[in-house]
Structure formats: C-alpha cells, structure tokens
Amino acid sequence: MTTGQNQQDRKARMPFDAAYDEVGYERTEHSIDTATGEEAPPEISSERVTQIFTDIATRYDRFNAMSSFGRYRAWLHTLIDKAPINSRSRMLDVAGGTGDVAFQACKQKRPGSILLTDLTPAMLDVAKERLTKGEANGVPIELAVMDAQDIPYASESFDIVTMAYGIRNMPKRETALSEIYRVLTPGGSACILEFSTPPNPVMRRMYSAYLKYGIPEWGKITTGQKEGFVYLSSSIKAFPDQEHFSKMLYDAGFSRVEYTNCTFGVAAVYIARK
C-alpha cells in the first residue's frame, strides 16, 4: 500500500502547512503482539499500551527515575548528544510521551522547532503542563496526538525524528520505521533510544532477573500498579537486540546505522541516516 492513498481527510490534522504527498514510499503491514513478539492483530497491543500509559501518565517520569536508578537522564543526554540537531532543525518527536526527549533537546541543542507527538492524550497533557512551565527554553513546540505507524505529514518534512522507548510498543514496527524514513528529509536522521540486550552473558542474566522481578515491583511502588509493568518487562525481553534492530532500520531504507550501548547495553541509542 502506498502512503498517497486516502490523504484528503487527514490534511486538517497537519499543524505544518505541508500536504501529505504521494511520493510512493512503500509500507509493510506485518503486526505482532509487542509483549511476545509473536504475530497478532495490531489492536491487541495498541489498545493495551494506550490503556497502560493513560493510567500511569502522571507517575511515569517518577517510575523512570527510580527504576533506572537515575540512569535514564544520562541515556537521554546521550541520545541528544548523538543526534545531529542544529538551530535550523525541524524535529519530530515520536511517541514523545511527557516530553522528556523534546525538553532535553531544548536544553542541550535548541532545534528550530519541535512537533511533540504521542498516541496517548494523557501523556501529552503532562507534556503540556511542562510546556507552560517554560521547559521549552524558547523553542517553538507543538503537541499532537499521533500514531507513528501512520504519520499524517508530508514526505521529507523533518530533519530529525526522535523516539525514546516507543518502537518497542508498536505492533507494526516495520511500518513505523518506514513512515519515519518517509517523513525525513534526505540526509536527515532517526535518533532512537530503546531498551536493549547487554552483550555480556553475566550482565544479561542479571538484567533478565531484574526485568522479571524488579520492574513490576518498581511499578507497584511508584504508581500503585503492577500488571502494566509486567507487560513492560515482557516487551523489553521480546524486543530485538542491537544488531537485529539495526537490520530493521537498514531494511526500512536507512543508508547508515550506528548504535551506542548505554549502561552495559541495558539501553542503546541508534542514529540512522537517510
């Protein structure tokens, strides 16, 4: 299916004055259950993820800080440090949640503009509160509810696309990566932070145990809920390792992919150039 189909009804949702065009980029529609990696209808994962993040939106940042023992801030810093952002960059933040990536970019590099998007309105409500407190540091930011598997913006609209902890929760990952590739300008970069697989076998076993027992308990402590974080831990275990995810980026069309391990490979930053 080409991305030029059925676009007229979507133009009204475009905060940037660029019509969704018909360049002819191809998208695949393979879909999985993000908790297991097994083939499944996309609604299973999308509805589950939306409900989980709606329930924990106001306490999500606290969970990130505590469950990573504060390391997630360093990982965000690495993401923005590696991202080739400059003062003219048009940046799309996909699965942007409460705005951690966008506001970190405003703090470190001040791009020309940011479109901060997420599938869950409750997460964007938290981002909006942060925006009113001045965390944008003078950078123009727009907020939009958006499914990254079906991006309603014109091809070659953005210089930078960022995403942290988002692709793991998408049932149509190949489609999402193809969409990100499509909306990037030639020479643009996708900059992705995601949980990964420690290459050291001892660390890998320790991390697996922490995912199974530690993450759900931190979820219960910080949000009062546990079940959603059992899903989180399962989705991390089911996500491809660094080499396999890099191959997915190449398969989406990117010409150069580099990754940097963070904290022994617990997480990784990927920079993929179009």
Side-chain angles (χ1 to χ4, degrees), residues 1-11 13-14 18-50 52-53 91-97 101 115-120 123 144-158 160-186 188-196 231 235-236 238-242 244-255 257 270-274:
M1 181 178 70
T2 63
T3 54
Q5 297 173 338
N6 301 320
Q7 304 309 328
Q8 294 301 317
D9 62 333
R10 297 163 65 185
K11 290 182 181 179
R13 291 192 283 142
M14 300 178 189
Y20 190 94
D21 59 3
E22 300 184 5
V23 175
Y25 291 93
E26 294 292 331
R27 298 189 303 182
T28 57
E29 295 296 332
H30 175 65
S31 174
I32 61 169
D33 182 339
T34 55
T36 65
E38 300 296 327
E39 192 164 340
E43 295 80 10
I44 292 176
S45 295
S46 296
E47 292 174 4
R48 176 176 55 211
V49 167
T50 300
I52 289 172
F53 285 101
M91 175 176 151
L92 171 64
D93 188 24
V94 170
V101 174
L115 179 59
L116 168 56
T117 70
D118 198 88
L119 183 64
T120 307
M123 297 288 275
V145 175
M146 187 193 83
D147 182 352
Q149 300 163 126
D150 190 18
I151 300 177
Y153 302 107
S155 297
E156 303 179 2
S157 291
F158 301 94
I160 299 287
V161 177
T162 55
M163 175 165 47
Y165 318 122
I167 190 67
R168 189 188 71 255
N169 292 316
M170 296 178 189
K172 297 189 290 184
R173 292 170 183 165
E174 292 89 350
T175 299
L177 294 178
S178 295
E179 281 286 84
I180 289 170
Y181 180 86
R182 180 185 64 78
V183 299
L184 278 168
T185 56
S189 294
C191 310
I192 299 172
L193 169 63
E194 189 53 85
F195 290 109
S196 198
Y231 159 76
S235 69
I236 294 172
F239 191 72
D241 64 16
Q242 293 90 319
H244 283 89
F245 184 60
S246 294
K247 183 180 183 303
M248 290 178 67
L249 287 163
Y250 279 120
D251 289 346
F254 291 95
S255 62
V257 179
Y270 302 84
I271 306 297
R273 181 67 62 90
K274 180 173 179 177

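Throughout, residue positions are numbered sequentially from 1 according to the sequence presented.
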Peer 1: If you compare all heavy atoms of Ile167 against all heavy atoms of Arg173, which two are closest, and at what distance to 0.1 Å?
Peer 2: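 The answer is O-NE, 3.3 Å.
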Peer 1: Please give me the minimum heavy-atom distance between Ala164 and Val101, naming the atom from each residue.
Peer 2: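 Looking at all heavy atoms of both residues, the shortest contact is CB-CG2, 3.5 Å.
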Peer 1: What closest approach, in Å, do Gly96 and Leu116 show between heavy atoms, and which atom pair accounts for it?
Peer 2: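 In terms of heavy atoms, the two residues are closest at CA-CD1, 3.6 Å.
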Peer 1: Tell me if a side-chain donor or acceptor on Thr117 pairs with a main-chain N or O of Ala148 at a distance below 3.5 Å.
Peer 2: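 Between the backbone of Ala148 and the side chain of Thr117 there is no qualifying donor-acceptor contact (under 3.5 Å).
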Peer 1: Mark yes or no for whether Glu156, through its side chain, and Leu184, through its backbone, hold a donor-acceptor pair below 3.5 Å.
Peer 2: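 Pair absent, no side-chain N/O of Glu156 close to backbone of Leu184.
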Peer 1: Any chance you could measure Leu115, atom CG, to Leu92, atom CG, to the nearest 0.5 Å?
Peer 2: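 CG of Leu92 is found 5.5 Å from CG of Leu115.
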Peer 1: Measure the spacing between CD1 of Ile180 and SG of Cys191 and express it to the nearest 0.5 Å.
Peer 2: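 Taking CD1 in Ile180 and SG in Cys191, the distance rounds to 10.0 Å.
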Peer 1: Is the Lys NZ or Arg CZ of Lys274 less than 6.0 Å from the centre of Phe254's six-membered ring, within 45° of the axis?
Peer 2: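 So Lys274 doesn't make the cation-pi contact.
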Peer 1: Over all heavy atoms of both residues, which pair between Pro240 and His244 is shortest? Give the atoms and the distance, please.
Peer 2: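 Taking every non-hydrogen atom into account, CB-CB, 3.8 Å.
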Peer 1: Taking side-chain contact (heavy atoms from CB on, under 4.5 Å) as the test, write out the residues that go with Asp251, two or more places apart.
Peer 2: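 So Asp251 forms a side-chain contact (heavy atoms from CB on, under 4.5 Å) with Lys247.
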Peer 1: Are the side chain of Ser196 and the backbone of Asp241 linked by a donor-acceptor contact shorter than 3.5 Å?
Peer 2: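 A pair under 3.5 Å: no.
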Peer 1: Got a donor-acceptor contact below 3.5 angstrom from the Glu179 side chain to the Ile151 backbone?
Peer 2: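 Judged by distance alone, yes, a pair lies under 3.5 Å.
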Peer 1: Nearest 0.5 Å please: distance from the CZ atom of Arg182 over to the CG atom of Leu177.
Peer 2: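 If we round to the nearest 0.5 Å, Arg182:CZ and Leu177:CG are 13.5 Å apart.
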Peer 1: Between Arg168 and Ser235, does any side-chain donor sit less than 3.5 Å from a side-chain acceptor?
Peer 2: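 The answer is yes; a qualifying pair exists.
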Peer 1: If you look at every heavy atom in Ala144 and Tyr153, which pair is closest and at what distance?
Peer 2: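 Taking every non-hydrogen atom into account, CB-OH, 3.8 Å.
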Peer 1: Between Met170 and Met163, is the side chain to side chain contact (heavy atoms under 4.5 Å, CB included) condition met? List the steps.
Peer 2: CA-CA 12 Å; Met170 296 178 189; Met163 175 165 47; 3.7 Å; yes
Peer 1: How long is the straight-line distance from CD1 of Ile271 back to CD1 of Ile192, given to the nearest 0.5 Å?
Peer 2: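 If we round to the nearest 0.5 Å, Ile192:CD1 and Ile271:CD1 are 8.5 Å apart.
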Peer 1: Can you classify the ring geometry of Tyr270 versus Phe245 as parallel (below 30°), tilted (30 to 60°) or perpendicular (above 60°)?
Peer 2: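 Tyr270 and Phe245: perpendicular rings.
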Peer 1: Check whether any side-chain heavy atom of Asp118 sits under 4.5 Å from a side-chain heavy atom of Met146, and report yes or no.
Peer 2: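 In short, these two side chains do not touch, never coming nearer than 4.5 Å.
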Peer 1: Hey, could you give me the CZ/OG1 distance between Phe158 and Thr185, rounded to the nearest 0.5 Å?
Peer 2: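 Rounded to the nearest 0.5 Å, the CZ-OG1 separation comes out at 10.5 Å.
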Peer 1: Taking all non-hydrogen atoms of both residues, which atom of Gly166 and which atom of Ala95 are closest, and how far apart?
Peer 2: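 Looks like CA-CB, 3.8 Å.
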